> 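Could you have a look at this structure, given as C-alpha cells, before my questions?
Letters go in sequence order (proteins before strands), and every chain restarts at 1. The model shown is predicted, which means the values in this text are computed figures rather than measured ones.
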There are 2 protein chains.
Amino acid sequence: MRRRRPTIIDVAERAGVSKSTAARALANGESVLQETRDRVLAAARAVGYERNHLAVGMRSGRSGMLGLVIPDIANPFWADVARGAQDRAAKADVSLLVFSSDWDPGKEESHLRALRRARVDGAIVNPVSDALDDLNRFGLPFVLIGSSAERFADVSSVGSDISQAVELGLDHLVAKGHQAPVLIVGPRSRLARTRFLNAVQRHTIERDVDPAQMVIEDGEYTLEGGRQAMLRVLDRPRVGHISVFAANDMMAIGAMMAVRERGLRCPDDVSILGFDGIPAGAFTSPGLTTIAKPGRDIGARAVESLFDDIEGRPEHGRIYMPCRLVDRGSLADLLRQPRQLAG
Amino acid sequence: MRRRRPTIIDVAERAGVSKSTAARALANGESVLQETRDRVLAAARAVGYERNHLAVGMRSGRSGMLGLVIPDIANPFWADVARGAQDRAAKADVSLLVFSSDWDPGKEESHLRALRRARVDGAIVNPVSDALDDLNRFGLPFVLIGSSAERFADVSSVGSDISQAVELGLDHLVAKGHQAPVLIVGPRSRLARTRFLNAVQRHTIERDVDPAQMVIEDGEYTLEGGRQAMLRVLDRPRVGHISVFAANDMMAIGAMMAVRERGLRCPDDVSILGFDGIPAGAFTSPGLTTIAKPGRDIGARAVESLFDDIEGRPEHGRIYMPCRLVDRGSLADLLRQPRQLAG
DNA sequence: GTGAAAGCGCTAACAA
DNA sequence: TTGTTAGCGCTTTCAC
C-alpha cells in the first residue's frame with residue numbers, strides 16, 4: 001500500500017503556517033523569520049517532503065531537464081560524452097535525458113519529439129539528420145556537438161579541435177620517421193571526413209610534404225570499414241614500411257586486424273595511428289597509438305554552453321576542445337631502425 | 001525571439017470548440033463527432049501544438065518518465081542494457097532518465113533523489129549501496145537488475161541466468177579437454193561472486209570433478225584486477241597448460257595481458273574463458289571466447305517488469321535471461337593436441 | 001513577515 | 001456530443 005507523497009501543504013500544516021510561507025522558507029529563506037524557517041524545515045524533514053519538479057516546472061516554465069541525443073550510446077566515446085554531460089548537469093541540479101539515435105534519422109526525430117514533449121529546457125544534439133530545423137522552429141535552445149555542427153551556422157557548438165589533433169598526429173608520425181601516411185577516412189557523405197582531410201592537407205603542406213602523394217582509402221566508421229580499407233591498401237603494389245593514419249579508432253583496429261590477416265605485423269611492417277581514444281585501443285596488441293578526444297569535457301562544456309543559451313546569453317560560438325596523444329606502441333620508430341625505412 | 005508555445009487553448013480557439021473537446025479529440029477521439037475531431041486535429045497541426053507532458057503529469061500523477069541507474073555507462077555491457085531499456089520505453093511513449101553511479105554510493109543516492117524529484121513513475125536500479133530502502137519508503141515502484149538483486153527479497157528483478165551461463169562455460173571447457181579451470185572472480189564483498197562460485201561448484205560436482213581442487217583468485221572487476229589475479233596464478237608452481245574461467249570480460253582481458261607480459265601465449269600456454277560479451281573481446285588477439293549476457297534484452301525486460309509493477313500487477317519474481325557462448329579462439333583444444341595436456 | 005489568491009496546461013467529473 | 005468547472009503542487013504578486 002503506497003502512501004500519498006507529502007506536498008507543501010502537508011509541510012505548511014505541520015509547521016502551522018500558510019503554504020506560501022512554507023514555499024518561501026523552502027526556497028531561499030528570504031523574507032521569512034529565522035524561527036519560522038526552522039520550523040518549516042523541520043516539518044519538511046519530518047513528513048519526508050520532496051519538492052515536485054513537475055509542479056515547479058509548470059509554474060516556472062522550466063522543467064529542470066535537459067536532453068542529449070547522441071548517435072550511439074554503446075560507442076565508448078559517446079558514452080564518455082554522456083557521462084561528462086550528466087555530471088555537469090547534476091552539479092546544477094538538472095536532470096539529463098540521454099537518447100541514442102543509433103544512426104537512425106527516424107529514431108533521432110522521434111527522440112527530439114520526446115524531448116519537446118517532456119518540455120526539456122534545452123537539448124544537446126549530434127545531428128544525424130536535418131530534423132534540427134524542427135527544434136529551431138519551436139524555439140528550443142540547443143547546442144550542437146561534434147563535427148557535423150558546421151552545417152548549422154548560427155548555433156553554438158562544442159567539438160574536438162580536429163586541426164590541433166591532426167597536427168599532434170602528424171608531429172608524432174614525423175618524429176618516428178614516417179613521411180606521407182596512408183589516410184583511412186570515413187564515407188564521402190560525412191562532413192567529418194572533409195574536415196579531417198582539410199586539416200591533414202593544411203598541416204602536411206606546412207611540413208613541406210606534397211599532400212598529393214598521400215594515398216586515401218575510405219569506408220564506414222566501423223571495424224569492418226577499416227578492415228576493408230586496409231585490405232585494399234595492402235593489395236596495392238608497395239615497397240617497405242607502410243604508415244596509416246585512421247580517422248577513427250574503430251577503423252584503426254579494423255586495419256590492424258587486416259594486417260594480421262595478411263600475415264604482416266604491426267608495428268614491424270605496418271604502423272597505425274588512430275583517432276578517438278576509446279578504451280578498446282588499449283586491449284589490442286600492440287596497443288593502439290591514438291589521438292584521444294576529451295569526450296567527458298566535451299559533454300560538460302556542451303552543457304555549460306547550453307546553460308548560457310538558456311539564460312539568454314547565447315554566444316553562438318564554436319568551442320574546440322584540445323586532444324592529446326596516447327602512445328601505445330603501434331608505430332614503428334623508423335629513425336632508430338633505418339633498415340626498415342620505406343624505399 | 002521565441003514564440004510562446006501553443007497550448008490546448010490555442011488549438012481549441014482555432015477549432016472553435018472548448019478546450020475539453022479539444023482535449024478529448026486529441027486524446028483518443030472518443031465521444032467526439034468525427035467532423036469536430038478533424039477540425040481539432042487540423043487546428044493542432046496548424047498551430048504546431050505539442051502536448052505538455054509536465055501538465056499531463058501533474059493532472060494524472062504520471063510523469064511518463066522512468067529512471068535507470070546503472071553503475072557505469074562507459075562499460076559496454078551496461079550501455080547495452082541502457083539501450084535495450086531505452087528502446088522498450090520509447091515504444092510505450094515513455095522517457096527514460098539514465099544515470100551512471102560510477103560505483104559511487106553517494107552518487108547513486110543523489111541520482112535516486114533526482115529521480116524522485118523528477119517524479120519518475122518507477123525506476124530500474126543496479127544497486128551499489130543500500131540506499132534502495134529510501135525508494136521503498138517513498139513507494140516508488142522499482143525493479144532491480146543484476147546479481148545483487150538477491151539482497152532484496154520482495155522486489156522484482158531481472159538478470160542473466162548465471163547457472164545456465166556457467167553450465168555453458170563448463171561444457172565448452174570440457175569439450176576442449178579442460179578439467180578444473182582456475183577461477184578468477186570478483187571481490188568477496190560482492191554477492192555476484194558468491195552466485196558465480198555456487199553455480200560453478202554445483203555444475204562441477206555434476207561433472208564428477210572435485211570442486212576443491214579448483215584454484216580461486218580474486219580481484220576488482222576491472223582490467224587491472226584480472227591482470228593482478230592472473231600474475232598471482234602464474235607465480236604458483238604449475239605443470240602444463242593452464243585454463244582460466246574469469247567472472248567478467250574485463251578481468252579476462254586483463255588476464256590475457258598478464259599472460260603476454262610473462263612471455264606466455266594464449267591459447268597455446270593458457271586458455272581463457274570470459275563472461276559478459278563486451279565488444280572489446282573481439283579486438284584482443286586471440287579473440288576472447290566468452291559467455292555473452294543479453295544486455296539489451298535485460299534492459300527491455302526490466303522495463304516491462306516495471307510497467308507491470310506500476311500498473312499494479314507486481315509479480316515480485318526474478319527473471320533470468322539465458323546467455324550464449326561466443327567462441328573466438330582463446331581456448332586451446334587439448335583433445336586434438338594431447339601433447340599439451342596438463343600433468 | 002505572513003496569508004490569500006491567481007494561474008501554469010491539462011484532464012476528468014459533472015451538466016447541459 | 002459538447003461545455004463548464006475544479007484541481008493536480010507550486011510560486012508569486014498583492015494585500016495586510
> Could you tell me whether the phosphate oxygens of dT2(D), OP1 or OP2, come under 4.0 Å of any side-chain nitrogen or oxygen in T36(B)?
yes

> State, with a plain yes or no, whether a side-chain heavy atom of D93(B) is found less than 4.5 Å away from one of R117(A).
yes

> State whether the side chain of S60(B) and the backbone N or O of V56(B) hold a donor-acceptor pair below 3.5 Å, judged by distance alone.
yes

> Rounding to an integer number of Å, can you tell me how far Q34(A) CD sits from dT2(C) P?
11 Å

> Specify the angle, to 10°, made by the local axes at the two ends of the helix from dG1(C)-dC16(D) to dA16(C)-dT1(D) when five pairs are taken at each end.
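Here the local axes at opposite ends form an angle of 40°.
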
> Rounding to a whole Å, what distance do you find between L54(A):CG and dC10(C):P?
13 Å

> Assign each of R119(B) and L33(B) to its nearest nucleotide of DNA chain D by heavy atoms, then name whichever residue's nucleotide is nearer the 5' end.
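The residue mapped nearer the 5' terminus is L33(B).
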
> In this structure, how many angstroms lie between the C1' atom of dT11(C) and the NE2 atom of H53(B), rounded?
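Interatomic distance, NE2 of H53(B) to C1' of dT11(C): 14 Å.
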
> Please report the interatomic distance CH2(W103(A)) to CG(D72(A)), rounded to the nearest 0.5 Å.
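These two atoms lie 7.0 Å from each other.
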
> Just wondering, are more than 12 heavy atoms of other shown residues or ligands nearer than 6.0 Å to CD in E311(B)?
yes

> Shorter than 3.5 Å, N or O on both sides, protein versus nucleotides 12-16 of chain C: list them out with atom names.
none

> Does a side-chain N or O of S18(B) approach OP1 or OP2 of dG3(D) to a distance below 4.0 Å, or not?
yes

> Given that N52(B) and R37(A) both sit by DNA chain C, which one's nearest nucleotide is further toward the 5' end?
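Nearest-nucleotide comparison on DNA chain C picks R37(A).
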
> Looking at side-chain heavy atoms only, is the closest gap between V120(B) and L66(B) below 4.5 Å?
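Side chain of V120(B) against side chain of L66(B), heavy atoms only: no contact under 4.5 Å found.
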
> Find the distance L26(A):CG to dG1(C):C1' and express it as a whole number of Å.
17 Å

> Counting only side-chain N and O atoms of R51(A), is one of them less than 4.0 Å from OP1 or OP2 of dT11(D)?
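Checking R51(A) against dT11(D): at least one side-chain N or O falls below 4.0 Å of OP1 or OP2.
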
> What residues form a ring-ring contact (aromatic ring centres under 6.0 Å, His included) with F77(A), not counting sequence neighbours?
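Scan of F77(A) (ring-ring contact (aromatic ring centres under 6.0 Å, His included), adjacent residues dropped) gives none.
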
> Please report the distance, rounded to the nearest Å, between CG in D38(A) and C1' in dG1(C).
15 Å

> Could you tell me whether R83(A) atom CZ has more than 12 heavy atoms of other residues or ligands within 6.0 Å of it?
yes

> Measure CE/M58(A) against C1'/dA6(C) and give the value in whole Å, please.
13 Å

> Between L41(A) and L26(A), is any pair of side-chain heavy atoms under 4.5 Å apart?
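Yes, close enough: below the 4.5 Å cut-off.
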
> Counting N and O atoms only, with roles assigned by atom type, does the side chain of H111(A) sit under 3.5 Å from a partner on the main chain of S100(A), one being a donor and the other an acceptor?
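At least one qualifying donor-acceptor pair exists.
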
> Calculate the interatomic distance between D10(B) atom CG and dC8(C) atom C1'; express it in whole Å.
13 Å

> Think T21(A) has a side-chain N or O under 4.0 angstrom from the OP1 or OP2 of dG3(C)?
yes

> I want to confirm an ordering. Mapping I8(A) and V32(B) to their closest nucleotides on DNA chain D, which one lands closer to the 5' end?
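The residue whose closest nucleotide sits nearer the 5' end is V32(B).
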
> For R39(A) and dG1(C), give me the distance from atom CZ to atom P, rounded to whole Å.
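Checked: the CZ to P distance equals 15 Å.
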
> Does any N or O in the side chain of Q86(A) come within less than 3.5 Å of the main-chain N or O of V98(A), such that one atom is a donor and the other an acceptor?
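Flag not set: sc Q86(A) to bb V98(A) has no pair under 3.5 Å.
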
